[in-house]
Amino acid sequence: MAQQWLDLAPQPQESLQGYVHRLRTQRQWSQAQLSQAAGVHRQTIGKIESGMTQRLNQRARSGLALALSIPVEYLDAVCGGTPVAQGVQLKVCPRCWIPGNAPDPMWTNLRSHYCFACGTALLSRCPHCQKPIGSLEFRFCSYCGTAYKSHATQRE
Ligand SMILES: [Zn+2]
Ligand SMILES: [Zn+2]
């Protein structure tokens, strides 16, 4: 199961085309389903997966990140052809984060330990079983069922 989560990160040298295709097929989605989930035009998905574009506009970038439950930095990394910054981690503020929404880039930065908005310690793992947060769609840990949100701890 942990392997599944690790697979969400782009492989070294992976292209945008290969990356999006891989994550989409991992979920057994058709291009139409991804287009719908991401709110991105079907043609755009087709273009990305046929390698016709290496750039994403803001809307496609955030839409795809949300639909595929990945930090936008992963997409930036494949678009820029750079290895994923060591500094990116799936992390959320258990208070401000609304399940089903992409995490704020300020949270996923490795240097961030507290939420910039409310000062709550950021969560990158289940506080109960320590498994990394594997999905941004659920408010519960998919391994043990612990609610992420009830574990908000205030700084100071
Ligand atoms: Zn917060
Ligand atoms: Zn857990």
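Quick caveat, the model's predicted, so the values are computed rather than measured. In each ligand, atom 1 is the first atom listed, and ligand 1 is the first ligand listed. FYI, side chains are in, hydrogens and waters are out, and symmetry mates aren't considered; it's all heavy atoms of this structure.
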Asker: Report whether Leu75 and Ile48 are members of the same hydrophobic cluster (ILVMFWY, side-chain heavy atoms less than 4.5 Å apart, transitive linking).
Answerer: yes

Asker: Identify which protein N/O/S atoms are less than 2.8 Å from the Zn ion (ligand 1).
Answerer: Cys93 SG, Cys96 SG, Cys115 SG, Cys118 SG

Asker: Look up atom CZ in Arg22 and atom OG in Ser15, then write down how far apart they are to the nearest 0.5 Å.
Answerer: 10.5 Å

Asker: With rounding to the nearest 0.5 Å, note down the distance linking CG in Leu34 to CG in Leu68.
Answerer: 5.5 Å

Asker: If two hydrophobic side chains count as joined below 4.5 Å and joins carry through other members, does Val40 share a cluster with Tyr19?
Answerer: yes

Asker: According to the interplanar angle, ranging from 0 to 90°, do the rings of Tyr148 and Trp97 count as parallel (below 30°), tilted (30 to 60°) or perpendicular (above 60°)?
Answerer: tilted

Asker: Quick check: closest heavy atoms across Pro127 and Thr146, and the distance to 0.1 Å?
Answerer: CG-CG2, 4.3 Å

Asker: Given side chains that start at C-beta, do those of Val72 and Leu66 come closer than 4.5 Å, heavy atoms only?
Answerer: no

Asker: My understanding is that only residues two or more places apart in sequence, or in another chain, count here; which of them pass side chain to side chain contact (heavy atoms under 4.5 Å, CB included) with Gln31?
Answerer: Arg24, Arg42, Ile45, Glu49

Asker: For the Zn ion (ligand 2), state how many protein N, O or S atoms fall inside a distance shorter than 2.8 Å.
Answerer: 4

Asker: Please enumerate all residues that pass side chain to side chain contact (heavy atoms under 4.5 Å, CB included) together with Thr25, with sequence neighbours excluded.
Answerer: His21

